[in-house]
S.K.: 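Mind looking over this structure? Questions follow.
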Amino acid sequence: MPIRFKDTYLKGFVTGKEFEAMESPTRDALETVLTGRGEGSEFLGWLDLPKKSADPEIARIKEAAKRIKEQCDVLLVIGIGGSYLGARAAVEFVKGQNYNALRKGTPEIYFVGRDLSATSVCETLNLIEGKDVCINVISKSGTTTEPAVAFRIFREWMEKKYGEGASERIFVTTDKQKGKLKELSDEKGYETFVVPDDVGGRFSVLSPVGLLPIACAGIDIDRILKGAASAEEYFTKEKDFSKNDCLRYAAARNILYRKGKTAETFVCYEPALCITAEWWKQLYGESEGKDKKGIFPTSVCFTTDLHSLGQFIQDGSPILFETVLDLLDPGYEIKIPKGGSENDGLNFLEGREIHEVNRTAFRATALAHTAGGVPNIVLELDSRDAYDFGYMVFFFELACAVSGYLLGVNPFNQPGVEAYKKNMFALLGKPGKEFDAIRENLKRNL
């Protein structure tokens, strides 16, 4: 198993009896997921995505990625939330934070349409000036404000640069049959890929939503799906609770939640995993945070954040537990050279691998934080291989679904997401009786 649950730093916080008591409800929650008996069961399509490596849509994704790599210097991926986080997480996980500078034979990839910042748009326009560009716009409806605004701007830029040829450079991932973006795609002749009806955005990285941009970065999507399929095969069928690390993770975090640990901090020690943490936060935040329940997901990248948030974690409000993604092989080796003097006091590190020092920092931090009353769940991860990424994605998705049912919420809806949108549209003057009423109410409160 490329990812393994370790309870080394849970001792003193979670007892064997508590794990035993959680075994039956956790297994029941898994059965609820697998049998589709729970709320939100119409959005369980993500369970089947790892098995679709032979699907014709995957072949079309590979062909489109090949054409994009051949004809463009830059790929703009337009999307927000689950429409971009999974793909960006994969690119940085496998290729690194500096992918755009280090890539070989693949386009630069910029993720836009994830905010309403004039700065972001204008800087991206400057970045693409004089370059050949393709676009992958991702939106089920085509009416989500942030990506829709960005697509208007960049589509105009493309049409001015390429004329009618722009249509061959715009790839759309949207609903199969309906929606404004689908209508526009049919009118303009854009090639389209399908956002599955039974897969929510935050669970969509293994669908065309994530796989097209990932393939454009030169990452082997077959290996990603193979890793996810291996995780699906093991974690959905392993009946021995003590061997099913996915269930143990879901159980441990719920035990800690019931003990007053209401915030979970995702910890990584590699900058290449920082966007994986952002993907994880959306997955768990939108899935669990409802009905006045849920574990608040946060993240840090150590050792960097030990010099900022480390103080709070060590000595602050005792509401936190940490989930550490402990990467065994970062993909690089480099030794600390001889300093020539004792000015920095670090000659004792001469000849040591930096990653060895980094993992020692992890162990030292875990010991300090647990001594300070902060439980640490450790998920040991083998490498940054595409296979391991796919395996990890399915691990977290299944654990999230199980954990949501343990909490007593529907893990697959997000009713609270719409509240700010209605207020924003009302304040911006969107016509309609619904928005007229909201406007009047907001005026009384502004």
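One-based numbering along the sequence shown.
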S.K.: Side-chain donor-acceptor pair under 3.5 Å between Lys290 and Asn410, yes or no?
M.R.: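 Not at all, the side chains of Lys290 and Asn410 share no donor-acceptor pair under 3.5 Å.
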S.K.: When you compare the side chains of Thr370 and Asn376, does any donor N or O come within less than 3.5 Å of an acceptor on the partner?
M.R.: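 No.
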S.K.: Please report the C-alpha distance between Phe5 and Ile377 in whole Å, then the side-chain angles of each, then the deciding distance to 0.1 Å, and finally whether the side-chain contact (heavy atoms from CB on, under 4.5 Å) criterion is met.
M.R.: CA-CA 7 Å; Phe5 176 93; Ile377 296 170; 3.6 Å; yes
S.K.: Can you measure from CG (Asp197) to CD (Glu42) and round to the nearest 0.5 angstrom?
M.R.: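 The CD atom of Glu42 is 11.0 Å from CG of Asp197, to the nearest 0.5 Å.
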S.K.: Extract all donor-acceptor atom pairs below 3.5 Å that involve side chains of residues 14-23 and protein atoms in other chains or at least two apart in sequence.
M.R.:
unit_1: Thr15; atom_1: OG1; unit_2: Glu18; atom_2: N; d: 3.1
unit_1: Thr15; atom_1: OG1; unit_2: Glu18; atom_2: OE1; d: 3.3
unit_1: Glu18; atom_1: OE1; unit_2: Thr15; atom_2: N; d: 2.8
unit_1: Glu18; atom_1: OE1; unit_2: Lys259; atom_2: NZ; d: 3.0
unit_1: Glu18; atom_1: OE2; unit_2: Lys259; atom_2: NZ; d: 2.8

S.K.: For the residue pair Ser242 and Asp240, confirm or rule out a side-chain donor-acceptor distance under 3.5 Å.
M.R.: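 Yes - a donor-acceptor pair under 3.5 Å links their side chains.
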S.K.: Run through Arg363, Arg4, Arg359 and flag the one making a side-chain contact (heavy atoms from CB on, under 4.5 Å) with Asp326.
M.R.: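 Going through the options one by one, the only one that passes is Arg359.
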S.K.: CG of Leu102: more than 12 outside heavy atoms within 6.0 angstrom?
M.R.: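 Check passes, neighbour count above 12.
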S.K.: Is there a donor-acceptor contact under 3.5 Å from the side chain of Ser287 to the main chain of Phe412?
M.R.: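 Such a contact is absent between Ser287 side chain and Phe412 backbone.
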S.K.: Salt bridge between Asp222 and Lys226, side-chain N to carboxylate O under 4.0 Å?
M.R.: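 Between Lys226 and Asp222 there is no salt bridge, as every charged N stays at least 4.0 Å from the carboxylate O atoms.
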S.K.: Is it the case that the side chains of Ser403 and Tyr249 hold a donor-acceptor pair, with the cut-off being a distance below 3.5 Å and no angle test?
M.R.: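 Note: Tyr249 and Ser403 side chains miss the donor-acceptor criterion.
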S.K.: Is the terminal nitrogen or CZ of Arg152 (NZ for Lys, CZ for Arg) located under 6.0 angstrom from the six-membered ring centre of Phe154 and within 45° of that ring's axis?
M.R.: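 So Arg152 doesn't make the cation-pi contact.
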S.K.: Is a donor from one side chain sitting under 3.5 angstrom from an acceptor on the other, for Tyr110 and Glu108?
M.R.: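 The criterion, which ignores hydrogens and geometry beyond distance, is satisfied for Glu108 and Tyr110.
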S.K.: Check for me whether the distance between the ring centres of Phe394 and Phe203 falls short of 6.0 Å.
M.R.: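 Here the rings of Phe203 and Phe394 have centres that are no less than 6.0 Å from each other.
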S.K.: Checking Arg60 against Phe193: charged group under 6.0 Å from the ring centre and within 45 degrees of the axis?
M.R.: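 Judged by the rule, Arg60 and Phe193 form a cation-pi pair.
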S.K.: The test is side-chain contact (heavy atoms from CB on, under 4.5 Å); show your working for Tyr234 and Lys243 and say whether it passes.
M.R.: CA-CA 10 Å; Tyr234 185 81; Lys243 295 180 180 179; 3.6 Å; yes
